[in-house]
Structure formats: C-alpha cells, structure tokens
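Counting starts at 1 for both ligands and their atoms, following the listed order. Values below: every heavy atom of this structure, side chains too, minus hydrogens, waters and symmetry copies.
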Amino acid sequence: MTPPRDDAVTSRALDRLGALEGAAFLARLDLVQGDLVEALTAVYADRVDVSSFAADLVGDALDAAVARPLPLRVLDRRREVDPAWFLRQDMVGYVCYADRFAGDLQGVAKRVDYLGELGVGYLHLMPLLRPREGENDGGYAVQDYDAVDPRLGTMTDLEQLTGLLHDRDIALCVDLVLNHTAREHEWARKAAAGDPAYRDFYWFFRDRTEPDAYERTLPEVFPDMAPGSFTYLPPGEADPGDEWVWTTFHEFQWDLNWTNPRVFRSMLGVLLTLANHGVDIVRLDAAPFLWKRLGTDCQNQPEAHRILQALRALVRLAMPGVALKAEAIVGPDQLVPYLGAHERFRPECDLAYDNQLMVMLWSAVASRDVRLSAHALARRPRPPAQATWVTYIRNHDDIGWAVADEDAWAVGLDPFRHRQFLASYFSGRHPGSFAEGADFQANPATGDARTSGSAASLLGLEDALERGDAGAASVALTRLETLYAVAYSFGGIPLVYMGDEVAMRSDPDWAAVPSHADDNRWLHRPAMDWAAADRRADPSTTEGRVFSALQRLAAARASTEALRSDGTTTVLHPRSPHVLAYVRTHPRAAPVLGLACFSDTEALVEHEVLEQAGIHTPVLLHSTTGRLDLRDGMLWLPPWGFAWVTTP
Ligand code: OTU
C-alpha cells in the first residue's frame, strides 16, 4: 500500500521540477517512502519525530533533484528506463589512484582511450576529496568533502572528467568516507572547540570507563600502526580535553556519531552534492562500522543497514541513476545483507565487494585445492536480482583471511591454522611458496595476519624473474589470467586493479614516502609503469600477453548474456579437488560453465559436470589454450588454466 503523501510535497515537487519530472519524482516518492520511514523509525524514533525528519530529508532530496544538471538528468532518465544498466555483461571496471595512474584528474582524462582498450565501462578513482595534510590513510581522512584534493585538481576538473567519461559511456565511482572524518574537518574542529552543536557529531568520553567496556569486544583494525579504537585528547587540544575520542582506524580519523540525526542529514547532503558533480557510483567506505553497540564488535549492526537503506531511498528519490556500493569487507555471512538480502528484501546497496570470492581464490591458489572455496561459495545466499557484486582479485587494501570457521571445519580444515597457512604462504615464508608478499598488521595477541602485495608478486612472477626462470614466469602469468577469468565470469562487475593488466609487481620503493613508511599496503599501490604499458601491443612481452588476455576476457564476456550480472551462479562439485566449476545461467541465454584449474599439473573434468551445467554439445567460449580439449568425453584443463564452455 502506498503511504499517504503530503499535499505540500506534491505541489512543491510539481512546482519546482515541472509537470513531467515532478510526476516522476512523486512516483519515486511513492516507491521509497515506506522503506524510508521504516528505516528512519528503526534508527531515530527515540531522537526525533520521524515524520517531520523524513519530510525534511525528502525536501533535501527535492533540492538536489532541482539542482541536478541537465546532462545528469538525461542519464537518470536512461537509467530509469534500464535500471539494470550496471548489470550488463559488457561492464568491466578499472580501479586506480588518479595521481598514481595519470598525475591528476586532467591526466586521467587523457588516458580514457587506454581504458577504452580494456573495455572499461566503470572507473573507480580512489579517494579524491580534499584530505588532511600529511598522513591521510591514502585519502581516507577527508578534511573537506566539497573540494577536490588540490594536488589532483578542482571540482571543475572533476565535472569535466565525468562529462568526458559519460560521453564514452563510462560510469565514475568515487569514495565517500562515511564512518569518519579527518580530525581537521570543520565539524571536528568545532566539536573540539566545544561547540555544543557539534560535540554530538563524534564520540567523546570523559574517561576510560566506556572505551574500556567497548574494547573488551572490539577487534583492532590496525593493531600494529594504530592500536586501540580510542584516542586521548589532552587538555589544550580540545575543549574540555582530557578526554577520549572514538577512532576505529587512525588517531586522525574521528568516527562520526550516526546516532545523531544531524550527522545523517549532513552526510546525506555530502552524498547528494557529490553525485550532482557527476559521480555515478558512490563507494561507501567502511559501511559496517557506522553503528556502535556495547558488547559487540561494532560492525554489521542492524542500524548500520537501516542507515544505508535510508540513504538508498533518498538517493533513488533525488537521482535515480546513481548507484551505491558498500565497502564491507566482512565475513561471508555478513556480506549479502549489504545488497538488501535480509529476512526479506530491503533495498540497500546496489553493489558490494565480493570479498569472499577474492579470499577463496587465493586460498585455492595456495592450497591447490578448491574444496573449501567451492563449499563456501556454494552455501552462501544469492544476491537479490536488482543488485550484484563487484568481483576482484586485488585492490588497494590488504587481503584479510576471512575464512569462516564453519566452512573450514566442514571440509576438514582447522580454520585458525588454515588462515595462518594463507598468511604464511603469501608472505613467502611457507616452504616452497612462490609468493612474495608481506604480512600486514600481524597481531601477536591473536595470531592473525593479513597480506600485502601485488597480484603478480603473490602469484609468483617476482620470484620467477628473480630466479631467471622463464617457465615459472609464464606459469605465474597463467595464474593471473585464470584468476581474472574467474573474476570476469563468476557474477558481478569485474574490477581490474591498476597495474594488473600489465602484471605490475609490488613496488620495491614503497616505503620511500615518509607518510607511507609504516603502512605496507603501499607495496601494491605503485605509480603506473607507462613504459611497461606501452609494450602492451607486442604479444611477445609480458605486458602484451596479459593486456591482450584481459581484452579477450572482456570481449568474450560481452558476447554472452549468460554472464550478465543478473544471471545466476551455481557452484558445481567436480571430482577433481583442483577444479573450481560454476555455471552461469540467464533466462535470455545458453548456460556458460566456468572452469578454473588450481594445480601444477593438468586436470580432467568429467562429462557429468557438463551435463549438470545443461551443456549437451560443448562449445568453447574462451579458454587459456584457445581450444576445447575433450578426451573420452572428459574435458582437459592445462595446469592453472581456465575454460568457459557453452552450448548452442
Ligand atoms: C577501508 O578499509 C579502506 O578501503 C581502507 O583503505 C581505509 O584504510 C579504511 O577503510 C579506513 O577508511 O579495515 O583494512 O569492512 O575492512 O572499511 C581495511 C570494511 C579496512 C573494512 C574497511 C577498511
């Protein structure tokens, strides 16, 4: 049932947006109002009168709709006609730092042809709003949400870039850091100065009683470089001072207090403004952390989801062409709710990182065994049809070994020891490991360690080149191609992490910048090696081989509707413990069977697996070798190779 609508809103919308757009706004309001009020009630009913708060927020959405530039309204219109615009099989993403890729935003504009060669339809530029000076966690400590980092350019440059990207049908994704601001942000400055209107924007504590109580169950995100979750403010640094402020991440990143409805409204304003500069997809950083609850790990709380649902409703209302992406790097059971899958569907984010696929691919690489991966990926709930994953093998962060205990036990592995094995393998410590990575934030108290390093280095390229072993280097590249083949076909938008397309290794000089020296995630945040990239057209080079492999993956993916992101993924269980097998189906297309071999030797896939996939006459869509090798009805895969098989 449509909730009753306020007559004043109707006449204001029609008045300000005109008959046609006003009617569309009101139709959207009818669609989202119920979700909005329900979400706000769950979070803010004890702090505000929800109906008047909702009316204010709808007013903010209307203001943003009115302010929205015409070219963006045209995009909205197209995307309302095709709400599945980001689910198309020709959608491929690329992720980079603007400065490390191309100097600045104007430099990025000059590299758009390069992105076109890879078939990119989605560009994620890492944090680009004005950060604090000095150490800023790679831009995740924002001082001013209304300005671009002056080193990268201006808001006008950003708008020009989005215009150029839109002309090429490329959507732009930009980070919005929701959980915290830099301590230099105006809100934090006012709060520190004792301004009563802003004290409640953050979490201050007069002594250690509450921080100690919270820390009994709070995991440390950066136990090594930023231990604890609270930072002491001496007298003189704040008014009153001699108090503690909540800082989940670094001491210069102050957690916002989302129990305060003014924080919600202020961040909504930031989000709507950012989108009106032309950003198509907003990456909501650290989404799990928005709500704190004593006695918990203060992640994935129901209220955090409700906040995302309320933001979703308001963004859809103001600008229906804008998508939200959750950055929730959490355990497998906590992931799919960020796409709206709760006890019933509640629209939440359109996209979320498939952290589980990523971890499970690396687990299969190290152990040459897919049973854990197949088990974990098969048992998880499907994402709702309107939403999807972004699939990736590496990003700018470390790899956290999010292996669920129950998944490990189910396949006979000790979860703690398996996680330790993975960290040890990819650091290169494990005997016989080909990986060259590094531990990130090893925590002696818990025995946990995460991993830094570029994909190529973790997959053995660095080690092979150091040993001058051309054969091993070639195998490392096959591994890289196969991991990307899974990312391009498993379901969701595949993301290429800058440098992987030319097999860039970890940056040996990562610690040379003083503000990076205690954070080895900079190992895998190198500056783009354009001299290497310039070799991409020469198939005899490493760069040529990997770049063309990604181009072929994109082309093969674009040619089949079964690989649309609103298709279905079903994990199969072949007899070989080395073969990850999954079938992609979509009502409009023939099925595609994806196969990936995690073994130093070849593998055979029995005929029944093809049958289970609904493939009676196998036809090669794409593979490592370029041919379909059937032996007595069994399908042959080379060591570390992949195949995509379909049927007429
Ligand atoms: C994110 O990551 C960013 O991706 C990091 O680069 C930032 O440092 C951080 O936020 C703070 O802004 O813990 O180890 O579940 O895993 O938000 C990285 C989400 C992180 C967290 C994630 C966070």
*Asks:* Taking only residues two or more places apart in sequence or in another chain, which ones pass salt bridge (Lys or Arg N to Asp or Glu O under 4.0 Å) with Arg293?
*Replies:* Glu303
*Asks:* Ring centroid separation for Tyr198 and His185, is it under 6.0 angstrom?
*Replies:* no
*Asks:* Hey, could you give me the CG/CZ distance between Leu128 and Arg130, rounded to the nearest 0.5 Å?
*Replies:* 14.0 Å
*Asks:* With no hydrogens and no angle check, do the side chains of Arg283 and Tyr353 hold a donor and an acceptor under 3.5 Å apart?
*Replies:*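 The answer is yes; a qualifying pair exists.
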*Asks:* Could you check whether Arg199 makes a cation-pi contact with Phe204, meaning its NZ or CZ is under 6.0 Å from the centre of the six-membered ring and within 45° of the ring axis?
*Replies:* yes
*Asks:* Measure from the ring center of His396 to the ring center of His524 and say whether it is less than 6.0 Å.
*Replies:*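 Between His396 and His524, the centre distance exceeds or equals 6.0 Å.
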*Asks:* List ligand 1's nitrogen or oxygen atoms that come under 3.5 Å of a protein nitrogen or oxygen, with the partner atom and distance.
*Replies:*
{"residue": "ligand 1", "atom": "2 (O)", "partner": "Glu327", "partner atom": "OE2", "Å": "3.4"}
{"residue": "ligand 1", "atom": "2 (O)", "partner": "Asp397", "partner atom": "OD2", "Å": "3.4"}
{"residue": "ligand 1", "atom": "4 (O)", "partner": "Arg283", "partner atom": "NH2", "Å": "3.0"}
{"residue": "ligand 1", "atom": "4 (O)", "partner": "His396", "partner atom": "NE2", "Å": "2.9"}
{"residue": "ligand 1", "atom": "4 (O)", "partner": "Asp397", "partner atom": "OD2", "Å": "2.4"}
{"residue": "ligand 1", "atom": "6 (O)", "partner": "His396", "partner atom": "NE2", "Å": "2.9"}
{"residue": "ligand 1", "atom": "6 (O)", "partner": "Asp397", "partner atom": "OD1", "Å": "2.8"}
{"residue": "ligand 1", "atom": "6 (O)", "partner": "Arg521", "partner atom": "NH1", "Å": "3.3"}
{"residue": "ligand 1", "atom": "8 (O)", "partner": "Asp137", "partner atom": "OD1", "Å": "3.0"}
{"residue": "ligand 1", "atom": "8 (O)", "partner": "Asp137", "partner atom": "OD2", "Å": "2.6"}
{"residue": "ligand 1", "atom": "8 (O)", "partner": "Arg521", "partner atom": "NH1", "Å": "3.2"}
{"residue": "ligand 1", "atom": "10 (O)", "partner": "Asp285", "partner atom": "OD1", "Å": "3.1"}
{"residue": "ligand 1", "atom": "10 (O)", "partner": "Asp285", "partner atom": "OD2", "Å": "3.3"}
{"residue": "ligand 1", "atom": "12 (O)", "partner": "His180", "partner atom": "NE2", "Å": "3.0"}
{"residue": "ligand 1", "atom": "12 (O)", "partner": "Asp285", "partner atom": "OD2", "Å": "2.8"}
{"residue": "ligand 1", "atom": "14 (O)", "partner": "Asp398", "partner atom": "OD1", "Å": "3.3"}
{"residue": "ligand 1", "atom": "14 (O)", "partner": "Arg450", "partner atom": "NH2", "Å": "3.0"}
{"residue": "ligand 1", "atom": "15 (O)", "partner": "Ile329", "partner atom": "N", "Å": "2.9"}
{"residue": "ligand 1", "atom": "15 (O)", "partner": "Ile329", "partner atom": "O", "Å": "3.4"}
{"residue": "ligand 1", "atom": "17 (O)", "partner": "Glu327", "partner atom": "OE1", "Å": "2.7"}

